[in-house]
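Counting convention: from 1, in listed order, for ligands and their atoms alike. All values reported here derive from a predicted model rather than from experimental measurement.
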Amino acid sequence: RLETMSHSLLRLFSLENEAPKMQRFSALSLAKSVEESIAYPLRQRQLVLELRVEDEWVTGERSLLEILLYNLLDNARKASNPGSKITLLGTKVPVGYCFAVKDRGRGIPPEALSRITEPFYMVDKSRTRKAGGAGLGLALCDEIARLHGARLIISSTPGVGTTVSVVFDTEGAQYEKANQ
Ligand code: ADP
């Protein structure tokens with residue numbers, strides 16, 4: 001856990017002074033890479049990952065966006081009961097492109113929602129510690145999104161599930177149509 005935590009912390013600090021190294025790649029290929037890297041942890045909990053990703057050229061630092069999606073999927077994994085389904089969505093939206101991770105897990109209490117991206121904030125400390133968390137995952141995701149001119153939108157209902165969306169704005173020409 002310490003190793004994961006110090007790695008996340010280092011990433012968080014180093015990101016603050018860095019501009020992302022922009023690359024152009026397909027949203028679907030990004031989703032598939034992340035699917036591959038999270039496959040084993042998901043299988044261990046008998047969780048099914050459904051990919052519903054519209055392909056589109058996206059521009060960003062690919063490795064950072066992989067970390068972002070991986071962290072969101074890992075949170076979904078930790079919140080889900082064995083056997084349930086997690087969906088990774090990628091959708092063209094009027095302002096640009098939206099990735100979202102939807103789980104049918106335990107949900108987040110409304111009073112915690114506004115604090116959840118703060119470093120070291122955990123809803124249930126004993127449970128998240130046991131699951132290997134340190135409260136840094138969403139802080140890192142938030143920072144990565146911010147560096148890409150995007151933001152996290154978290155909607156959750158306790159006992160029903162959580163959806164975390166990242167909306168990338170096309171302003172600044174970060175996204176282009178794949179077929180142009
Ligand atoms: P960690 O690295 O410990 O997972 P995060 O910063 O990723 O910490 O998340 C902060 C808190 O938000 C944790 O306490 C976790 O329980 C809660 N959380 C994050 N994502 C979800 C989710 N999809 N469902 C329920 N709780 C979540």
N-O pairing of R62 and E66 below 4.0 Å: yes
Residues E35 and K32 bridged, charged N to O under 4.0 Å: no
Whether D142 side chain and L138 backbone form a donor-acceptor pair below 3.5 Å: no
Side-chain (Q46) to main-chain (G83) donor-acceptor, under 3.5 angstrom: no
I108, portion touching ligand 1 at heavy-atom distance under 4.0 Å: side chain
D103 and ligand 1 - part of the residue with a heavy-atom distance under 4.0 Å: side chain
[X] heavy atoms, cut-off 4.0 Å: which ligand 1 atoms fall inside?
X: L136; value: 2 (O), 6 (O), 8 (O)
X: K78; value: 1 (P), 4 (O)
X: A79; value: 22 (C), 24 (N), 25 (C)

Between ligand 1 and [X], is the shortest N or O to N or O distance under 3.5 Å?
X: V123; answer: yes
X: D124; answer: no
X: Y121; answer: no

Any C141 side-chain heavy atom under 4.5 Å of L72 side chain: yes
Beyond-backbone contact of V164 with N75, side-chain heavy atoms, under 4.5 angstrom: no
Same apolar cluster (I L V M F W Y, side chains within < 4.5 Å links), F99/L147: yes
G135 to ligand 1, any heavy atom closer than 4.0 Å: yes
I38: which of L49, I86, L88, N71 passes side chain to side chain contact (heavy atoms under 4.5 Å, CB included): L49
Option with minimal heavy-atom separation from atom 5 (P) of ligand 1, where the choices are L138, L73, L140: L138
Heavy-atom nearest neighbour of atom 12 (O) of ligand 1 within options T117, T162, I116: I116
